[in-house]
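A short write-up of the structure that comes next.
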Amino acid sequence: MTYRDRVTRRNLRQIAKREGQIAGLRVRPKPERRTSVNQRTREKSSPRYRMLYEALPAMVHSIDAQGRLLLVSDLWLSTLGYERSEVVGRYGPEFFTPASRAYVIEVGIPELFRTGHCKDIELQMVRKDGTLIDILLSSVIERDASGAPLPSLTVIQDVTQRKRAQSELAEQHERLRVTLDSIGDGVITTDAQGRIEYLNPVAERLTGWTNAQARGRPSAPVFNIVHEETRGRAKSPISVCLAEDRIVGLANHTILLSRDCREYHIEDSAAPIKDVAGRTVGVVLVFRDVSEQRQLSLEMTYRATHDELTGLLNRGEFERRLESTLIAAHKGRERYVLMYIDLDRFKLVNDAGGHAIGDRLLKQVASLIKRIARRHDIFARLGGDEFGLIVEHCSIETAQSIAQSICEEVDAFRFQHGDQFLRIGASIGLVQVDERWPTVASLLRAADSACYAAKEAGRNRVYAYFAADEMIDSHQKDMQWARRIEHALDNGLLVLHWQEIKALDHSADGIHGEVLLRMVCEKGKLVSPGAFLPSAERFHMASRIDRWVVNEAFEWMARHREALGHLDTLSINLSGLSIGDRDFHRYVIDLIETIAFDHHKLCFEITETAAITNLSDATSFFESMHAFGIRFALDDFGSGLSSFSYLKNLPADYLKIDGQFIRDLAANLVGQATVKCIHEVARITGKKTVAESVETEAVEALLRGIGIDYTQGFLRHRPEPLDTILTRRSPIKC
């Protein structure tokens, strides 16, 4: 507040009006006239002046040269809580806080008497009740003709509420600043023109700009964003937010380019800042660094779509892309060819060096094929030693040329293992991708069939699919059976039957039988194993079927343990795959130890060929089963080339003579001699003999004459459900 050095009544009126506190105080202005200093002094001491002074609606007081209070206004007294008699004549600085009092005594009063004025000094006064008020103090002082100071005029403004509001506002601002500084996201605020007003520390780190450097600049160079793939400048969310006056999110795949040339994948949102009137006065942008999450997401996507060993596409991603290719082919856009590549003799490498060596080989072969494939072709590992290649924009003739190059390169490739150089090959099936194939599955089946035909034709060659090919047709039928077997295993569509093995010696008093497998097909029709087991063998499903049969038979024997006193032997056939599978051996032992039934009633049948092929595993399995009292029969005996030479090494209990020697035995003298020979060897080695496929009484009579122990065939018993054993109380009599 500005005061003239010369204080008059007019000055007092102006002060009162300036404070806006005059209520009903009417003072008629008088013409200004020149007065002497003595006149002014007399005026100030007059009763009328005193009354006017005290009635001023402002906090005012006067002090003399010694700093004592001469006059105080009523508002001064009411504000501080005093009576006039309690303050007039007292030393003015007494009413200030110690810190303010020291300032007034040491600086304020000396400066006032030296210069004649002071203005808007921030101080604190103490009320009578001890509470404090914040004030702004302004004073003027005049001197008389001799230069002596006259009483001062001091005006005081109570700014306690304003200071408190300012303090609270400052605290809120500081709290907001600390909050923004401590959160993990970057925060940028701008004005209504998009100029930077504030960056928190995270925003400073990510943009490379300090708050001081960025303040007042346009947002674009500070928040510099581009698209991840195109590297073109991305649309600024701040500009969009100001233009459309709404909350705006950042587009995906956006990168922030910092001032120090770093790149950050970010996510953000921009929102308008509104004032109390609802006007947009700026934008607040909140963004975060998601580079790590982005990298993790890319890595997870890569792992989900790529083979971990070779780095090629995996089967799932390959089939997805093949589906897109098939759709394009249906629309007639381009020509494509599918290759199904299967490595030859890869199992030999695995067996020779183990899986680690096999993995090394697969990686090297994958790199070799990838070099031959064109840049835009889709190459994938489908599993094991199988690969898939989609050749784009290509005729079947060109694809055959590429496939032949792959075969030649793989054939020429030598894999070194220690001091050995191992050789492999590649069989490749080709299929034109066109409208013939309704689904990806049908297309892959055709390619697999063509690959199978390449293997059957001699391996390490290319075979193109054509519909009338008998070899491909056979393979597709096998695949159909494989799917039906899978469906039957999963849905309980396999059932057990049995056929009795009749003792030719009438003294036998127990039932002998063989478990037979059937598949339930359409309308409840039963399919014999001869229709589907060959396909199961080719697709390596035989061991899974064996597990089902063994478990089902064991459970059945356990359920009916008390009712099977009349059962002497129940035989179960096992495939060659199961005999050579040590995991299957452990599986059977676990079942025997878990399921309680009469183990001595059990007999496993194994073909002679399977036993000889897996001689070591078969011998081990025989011995482990004999420990539980389980017997063995060599099935199809005599069909092998070395039957007798291996017989002494196989601890079998029964020899089941191959049906090829039995069916026409009555008219086949060579067959009769063979059967006699087998029987004699069995007798010498302490084994029983069983003749299969007995269908006539004449053959049965011949077998009895030779001395064969048991016969099996349609002559005496046709297969029926396994539960019928429970009602068969005695063996079949001739």
Quiz item: Which residue pairs pass the side-chain hydrogen bond (donor to acceptor under 3.5 Å, both in side chains) test when at least one of the two sits in residues 360-376, sequence neighbours left out?
Solution: R374-D377
Self-check item: Main-chain N/O of V155 paired with S138 side-chain donor or acceptor, under 3.5 Å
Solution: no
Exercise. Sequence neighbours left out, what pairs pass ring pair (Phe, Tyr, Trp, His ring centres under 6.0 Å) with at least one residue falling in residues 246-273?
Key: none
Quiz item: Looking at Y82 versus F95, is the centre-to-centre ring distance below 6.0 Å?
Solution: yes
Exercise. Say whether, by atom type as modelled, one donor and one acceptor occur between the side chain of T310 and the main chain of L312 under 3.5 angstrom.
Key: yes
Quiz item: Where is the tightest heavy-atom contact between L257 and R231, given as atom of each residue plus distance?
Solution: CD2-NH2, 4.0 Å
Self-check item: Residues that A380 engages under side-chain contact (heavy atoms from CB on, under 4.5 Å), provided they are two or more places apart
Solution: L313, F318, L382
Quiz item: Within the side chain of R127, is there an N or O that forms a donor-acceptor pair under 3.5 Å with the backbone of T79?
Solution: yes
Quiz prompt | Pairing residues for V159 by the side-chain contact (heavy atoms from CB on, under 4.5 Å) criterion, not counting sequence neighbours | solution = D134, L136, Q157, R162, K163
Quiz item: How about Q213 and E204: do any of their side-chain heavy atoms sit closer than 4.5 Å?
Solution: no
Quiz item: Taking S73 for the side chain and A58 for the main chain, is one N or O donor matched with an acceptor at less than 3.5 Å?
Solution: yes
Practice problem: Hey, could you give me each pair passing ring pair (Phe, Tyr, Trp, His ring centres under 6.0 Å) that has a residue in residues 206-242? Not counting sequence neighbours. | Solution: F223-F287
Quiz item: Any side-chain heavy atom of L285 sitting closer than 4.5 Å to one from T189?
Solution: no
Self-check item: Any pair counted as side-chain hydrogen bond (donor to acceptor under 3.5 Å, both in side chains), so long as it reaches residues 58-67, sequence neighbours left out
Solution: Y53-S62, H61-W76, D64-R68, Q66-R68
